[in-house]
Undergrad: 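My questions all concern the structure below.
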Amino acid sequence: MTTSKDFIFSEETPKVDLGGGMVRQVLGYNKDLMVVKVWFAAGTEGYVHSHVHSQVAYIAKGVFDVNLGGVIKRMKEGDSFFVAPYVEHGAVCIEEGILIDTFSPYREDLLEAKV
């Protein structure tokens, strides 16, 4: 499926336990855009990686040390960061947190993940 439902209710949308203190929930998407909510326990590390997608992450809760292309900045609730395609990035959660990630185009690999 390349389009989500029009109305997405949190309690009806599957969450994927990624292990190591991270839980992911894919929200609305079509082939051009995807929104994902990710919960982090304090101390959890989102490993450094890159992908073809443009990404904007909004810190909805918590404090993170964000690594963007080798530059690390401490960021908190209300802050956001942009990741251009192929730029290596990752984050360490300092205080329990939530990231809202947007991707363009959508991340097909995230739809294949099992609950």
Side-chain angles (χ1 to χ4, degrees):
M1 172 158 55
T2 57
T3 302
S4 67
K5 297 177 184 177
D6 292 338
F7 296 95
I8 296 102
F9 298 96
S10 181
E11 64 275 2
E12 297 173 4
T13 303
K15 295 176 182 170
V16 177
D17 186 342
L18 303 173
M22 289 176 49
V23 174
R24 177 176 58 221
Q25 186 178 44
V26 174
L27 302 174
Y29 61 92
N30 66 14
K31 65 181 180 64
D32 300 314
L33 180 67
M34 174 180 271
V35 177
V36 178
K37 184 175 186 179
V38 186
W39 289 263
F40 289 79
T44 299
E45 182 173 354
Y47 67 94
V48 174
H49 65 287
S50 66
H51 43 68
V52 65
H53 314 84
S54 293
Q55 176 181 353
V56 175
Y58 172 76
I59 300 171
K61 176 182 176 184
V63 176
F64 292 82
D65 283 345
V66 176
N67 180 340
L68 186 56
V71 176
I72 298 172
K73 300 280 185 181
R74 179 145 301 176
M75 304 188 80
K76 62 179 178 18
E77 183 175 329
D79 295 338
S80 61
F81 57 95
F82 171 75
V83 183
Y86 304 108
V87 172
E88 290 194 338
H89 59 285
V92 176
C93 183
I94 306 304
E95 295 176 12
E96 181 180 328
I98 297 172
L99 292 183
I100 305 297
D101 286 324
T102 56
F103 298 98
S104 179
Y106 81 119
R107 297 269 313 259
E108 187 174 359
D109 59 314
L110 299 187
L111 297 178
E112 296 167 356
K114 302 296 181 206
V115 177

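We're numbering straight along the sequence, starting at 1. All values below come from the heavy atoms of this structure, side chains included, with hydrogens, waters and symmetry mates left out.
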Undergrad: Is it true that Val36 and Leu18 fall in one hydrophobic cluster, defined by side-chain heavy atoms closer than 4.5 Å?
TA: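 Hydrophobic grouping puts Val36 with Leu18.
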Undergrad: Under a 4.5 Å side-chain heavy-atom rule over Ile, Leu, Val, Met, Phe, Trp and Tyr, are Val83 and Met22 clustered together?
TA: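 Cluster IDs for Val83 and Met22 match.
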Undergrad: Considering all heavy atoms of both residues, which atom of Phe64 and which atom of Ala91 are nearest to each other, and what is their separation?
TA: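 Smallest interatomic distance, heavy atoms only, reads CD2-CB, 4.1 Å.
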Undergrad: Using links of under 4.5 Å between side-chain heavy atoms of ILVMFWY residues, direct or through other members, which residues join Val92 in one cluster?
TA: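 Val63, Ile94, which link up through side-chain heavy atoms under 4.5 Å apart, make up the rest of the cluster.
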Undergrad: Restricting to side chain to side chain contact (heavy atoms under 4.5 Å, CB included), what partner residues turn up for Ala84, sequence neighbours left out?
TA: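 Result, side chain to side chain contact (heavy atoms under 4.5 Å, CB included) vs Ala84: Phe82, Val87.
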Undergrad: Remaining members of Tyr47's ILVMFWY cluster at a side-chain heavy-atom cut-off under 4.5 Å?
TA: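 Tyr47 clusters with nothing; isolated.
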Undergrad: Using 0.5 Å steps for rounding, measure from the CD1 atom of Ile59 to the CZ atom of Phe40.
TA: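 One finds 9.5 Å between CD1 of Ile59 and CZ of Phe40.
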Undergrad: Can you name the residues that form a side chain to side chain contact (heavy atoms under 4.5 Å, CB included) with Ile98, not counting sequence neighbours?
TA: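 Counting only residues at least two positions away or on another chain, Ile98 forms a side chain to side chain contact (heavy atoms under 4.5 Å, CB included) with Lys37, Trp39, Ala60, Lys61, Ile100.
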Undergrad: Do side-chain atoms of Thr102 reach the backbone of Val35 as a donor and acceptor pair under 3.5 angstrom?
TA: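 Checking the backbone N and O of Val35 against the side chain of Thr102, no donor-acceptor pair under 3.5 Å is found.
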Undergrad: Checking Gln25 against Leu27 for the side chain to side chain contact (heavy atoms under 4.5 Å, CB included) test, could you report, in this order, the C-alpha distance in whole Å, the side-chain angles of both residues, the deciding distance, and whether it holds?
TA: CA-CA 6 Å; Gln25 186 178 44; Leu27 302 174; 3.9 Å; yes
Undergrad: With sequence neighbours excluded, tell me which residues meet ring pair (Phe, Tyr, Trp, His ring centres under 6.0 Å) with Phe103.
TA: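 His51.
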Undergrad: Is there a chain of hydrophobic side chains (I, L, V, M, F, W, Y, each step under 4.5 Å between heavy atoms) that links Val23 to Leu111?
TA: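 No.
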Undergrad: Which residues satisfy the side-chain hydrogen bond (donor to acceptor under 3.5 Å, both in side chains) test with Asp101, sequence neighbours excluded?
TA: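 Partners of Asp101 by the side-chain hydrogen bond (donor to acceptor under 3.5 Å, both in side chains) criterion, ordered by chain and then number, come out as Gln55.
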Undergrad: Could you give all pairs that pass the salt bridge (Lys or Arg N to Asp or Glu O under 4.0 Å) test and reach residues 66-76, with sequence neighbours left out?
TA: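 Output for this query lists Asp65-Arg74.
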Undergrad: Specify the closest pair of heavy atoms between Gly28 and Ser4, including all atoms of both residues, with the distance to one decimal.
TA: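 Looking at all heavy atoms of both residues, the closest pair is CA-OG, 3.3 Å.
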Undergrad: Just how far is it from atom CE of Met34 to atom OG1 of Thr2, taken to the nearest 0.5 Å?
TA: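 The OG1 atom of Thr2 is 10.5 Å from CE of Met34, to the nearest 0.5 Å.
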Undergrad: Are Tyr106 and Leu110 joined in one hydrophobic group, where the rule is that I, L, V, M, F, W and Y side chains link up if heavy atoms are under 4.5 Å apart?
TA: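 Yes; tracing contacts between hydrophobic side chains, which count when under 4.5 Å, links both residues.
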Undergrad: Provide the full list of side chain to side chain donor-acceptor pair (under 3.5 Å) pairs with a residue in residues 78-88, sequence neighbours left out, each pair given once.
TA: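 Output for this query is empty, none listed.
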Undergrad: Just to verify, which of Val48, Leu68, Asn67 counts as forming a side chain to side chain contact (heavy atoms under 4.5 Å, CB included) with His89?
TA: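 Testing His89 for a side chain to side chain contact (heavy atoms under 4.5 Å, CB included) against Val48, Leu68, Asn67 leaves exactly one candidate, Leu68.
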Undergrad: Sequence neighbours left out, what passes side chain to side chain contact (heavy atoms under 4.5 Å, CB included) with Phe9? Give chain and number order.
TA: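 Result, side chain to side chain contact (heavy atoms under 4.5 Å, CB included) vs Phe9: Phe7, Glu11, Glu12.
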Undergrad: Apart from Val71 itself, which Ile, Leu, Val, Met, Phe, Trp or Tyr residues share its cluster (side-chain heavy atoms under 4.5 Å, direct or through members)?
TA: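 In the cluster with Val71 there is nothing else; it is isolated.
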